[in-house]
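Notes follow the structure.
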Amino acid sequence: MGSTGQNAWKLADHPKLPKGKTVAMVVLDGWGEAKPDQYNCIHVAHTPTMDSFKTTAPEKWRLIKAHGTAVGLPSEDDMGNSEVGHNALGAGRIFAQGAKLVDLALASGKIYDGEGFKYIKECFDNGTLHLIGLLSDGGVHSRLDQLQLLLKGAVDNGAKRIRVHILTDGRDVLDGSSIGFVETLEKDLSNLREKGFDAQIASGGGRMYVTMDRYENDWDVVKRGWDAQVLGEAPYKFRNAVEAVKKLREEPKANDQYLPPFVIVDESGNPVGPIKDGDAVVTFNFRADRMVMLAKALEYEDFDKFDRVRVPKVHYAGMLQYDGELKLPGHYLVSPPEIDRTSGEYLVHNGVRTFACSETVKFGHVTFFWNGNRSGYFNQEMEEYVEIPSDVGITFNVQPKMKAKEIAEKARDAILSGKFDQVRVNLPNGDMVGHTGDIEATIVACKVTDDAVKMIIDAIEQVGGIFVITADHGNAEDMVKRDKSGKPLLDKNGNLQILTSHTLQPVPIAIGGAWIGPWCEVPQ
């Protein structure tokens, strides 16, 4: 780039596309491509608009990878997710992502030389090290092997007393797998105790009910975690975590995602590990979105989202910095990817007016993650961001239509207004409803998504614009766990093993509109 200043941002005019034509950028969350069968909700659903792209203009429709190294993750076994997907879409380039950065820092040992680790280490002599995060090997928010390496590195670097506050998964991994993860962790902690370290699990709960809310959708989720982790208070008390998870899973309709909060107590009934003054706290998730709210509760003095009752003076660090604009948290163990020169920034420097919209659960993806993990506007005079409040207090399968129609209406109005050159939206239904494991509801979600796409395409056709439709990762296209031959797996009772996680399937990209002629063909 040798030039500086405004000239460094200048983009050359396209040789064939005229200026002033609105471009609709539509991201279908959790919409992959898989073999058609009854568990492929996209196939089963009535989706004539999306189907038409494959049949009427196949040269402008392709499948692309949205997982593994294609989006900056360590291996081809790593499922894509909405965050890295939108980072890649927004930047137009691939950056090493959270899990990979943490892997490199742990493997090299550099994590223990950084300012973040030195900060928490100041508490090791007289305080407790608390580790809070998702206990899972799903690789979307965290990984068990990284926690194990962090435990070893902490004791090797002077930690004497450790408490782990676990959040069970069942969303990015198979429901019920939490028991195995807890047993593995308990064995590791037992080995540390045999070596003279005071190491225990202190509290727990399901990720969707305890701690891991995002976008300030439901602060009660964070409060339940705070009460257990900081105050040592929860509706359920157990002597060990394996017993806790097994017992709570016996309840009707129980699943790992929604286990209620619990604390581990000693023989006198006292909690074994509430967070206190002088302690160190690390949130070991590498993915940002579901740690930001807890980070605010731990760091903000003027916090008013719920009554914290007691605010311990701790040294807190995230595995990474979860929000670069808010500088949150202020200390972190691994530096986040430096994503610069995103498409959004280029657009405002070139006078391109942008409209971005989704509902709460994915609003951050078409703004924060799209813009390289950066909060706010690049230039508020050139951009407008609209957030439609998501439903609260219910699981998404109860209302699978979510806010797809409202998002599409906002996009349609923005397109027809003539005020914007790019209109960018995320339609969350396939992912959010797919995560519930409810096949019938996910079929409804896919149909509604297709309806929303049609509304946006119709508006683009009215103004003679261009559309680009793609997805951030797969989910709704495969709702069952399968064996190596592709046959659906059954549990010991003969019931289908439902898949609630993302997939490794490719996702579609379709390009069209009045100004997309025969010269335009998506590469194979």
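Residues take their numbers from the sequence shown, with the count starting at 1.
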Looking at every heavy atom in both [X] and [Y], which two are closest together, and how far apart are they?
X    : Y    : result
V164 : L147 : CG1-CD2, 4.5 Å
P389 : K403 : O-CE, 3.4 Å
D491 : N493 : OD1-N, 2.9 Å
G344 : N371 : CA-OD1, 4.2 Å
T168 : G206 : OG1-CA, 3.3 Å
G464 : K21  : O-CD, 3.5 Å

Any Lys/Arg nitrogen of [X] or [Y] sitting under 4.0 Å from an Asp/Glu carboxylate oxygen of the other?
X    : Y    : value
D103 : R143 : yes
R93  : D340 : yes
K410 : E387 : no
E345 : R374 : no
E183 : K246 : yes
D450 : K454 : no
E216 : K296 : yes
K35  : D478 : no
D213 : K305 : no

Hey, is the main chain of [Y] close enough, under 3.5 Å, to the side chain of [X] for a donor-acceptor pair?
X    : Y    : value
D483 : S485 : yes
T500 : G170 : yes
N429 : K401 : yes
R353 : K419 : yes
R287 : H141 : no
T449 : A445 : yes
N350 : Y346 : yes
D169 : L135 : no
D256 : G176 : yes
R62  : P58  : yes

As a quick check of understanding, evaluate side chain to side chain contact (heavy atoms under 4.5 Å, CB included) for L298 and W226, giving each step before the final call.
CA-CA 9 Å; L298 285 166; W226 183 273; 3.8 Å; yes
Using 0.5 Å steps for rounding, measure from the [atom1] atom of [X] to the [atom2] atom of [Y].
X    : Y    : atom1 : atom2 : result
Q321 : L328 : CD    : CG    : 7.5 Å
E409 : I456 : CD    : CD1   : 10.5 Å
S501 : D172 : OG    : CG    : 6.5 Å
F53  : W61  : CZ    : CH2   : 11.5 Å
I509 : I64  : CD1   : CD1   : 4.5 Å
N40  : T442 : CG    : OG1   : 11.0 Å

Could you tell me whether the side chains of [X] and [Y] share a donor-acceptor contact shorter than 3.5 Å?
X    : Y    : answer
T22  : Q422 : no
E383 : T354 : no
Q257 : R207 : no
H502 : H67  : no

Residue pair [X] / [Y], side-chain heavy-atom distance below 4.5 Å:
X    : Y    : result
F286 : Q146 : yes
V507 : E33  : no
L131 : H165 : no
T283 : M319 : no
C357 : I388 : yes
I498 : D175 : no
N285 : M212 : yes
E76  : K65  : yes

Please determine which of F369, F363, F368 meets the side chain to side chain contact (heavy atoms under 4.5 Å, CB included) test together with H365.
F369
Applying side-chain hydrogen bond (donor to acceptor under 3.5 Å, both in side chains) to T503 and E477, what does each step give before you reach the verdict?
CA-CA 8 Å; T503 71; E477 77 283 359; 2.5 Å; yes
Give the ring-plane orientation class for Y385 versus Y377, where under 30° counts as parallel, over 60° as perpendicular and anything between as tilted.
parallel
Side chain to side chain contact (heavy atoms under 4.5 Å, CB included) between M402 and E359: does it pass, once the steps are laid out?
CA-CA 9 Å; M402 299 180 64; E359 62 176 279; 3.3 Å; yes
Show me the donor-acceptor pairs within less than 3.5 Å that the side chains of residues 465-475 make with the rest of the protein, sequence neighbours left out.
residue : atom : partner : partner atom : Å
T470    : OG1  : P508    : O            : 2.8
D472    : OD1  : G30     : N            : 3.2
D472    : OD2  : S82     : OG           : 2.9
H473    : NE2  : D29     : OD1          : 3.2
H473    : NE2  : S82     : OG           : 3.0
N475    : ND2  : D431    : O            : 3.4
N475    : ND2  : D431    : OD1          : 2.9

Tell me, please, whether F355 has R424 positioned over its six-membered ring: NZ or CZ under 6.0 Å from the ring centre and within 45 degrees of its axis?
no
Considering residues, nucleotides and ligands other than Y209, do more than 12 of their heavy atoms fall under 6.0 Å from its OH?
no
Please test M79 against Q505 for side chain to side chain contact (heavy atoms under 4.5 Å, CB included), starting from the C-alpha separation and ending with a verdict.
CA-CA 9 Å; M79 293 178 291; Q505 299 292 347; over 6 Å; no
Near-ring test W219/F303, centroid separation under 6.0 angstrom
yes
Please step through side chain to side chain contact (heavy atoms under 4.5 Å, CB included) for the pair Q497 and V480, ending with a clear verdict.
CA-CA 6 Å; Q497 291 193 24; V480 295; over 6 Å; no
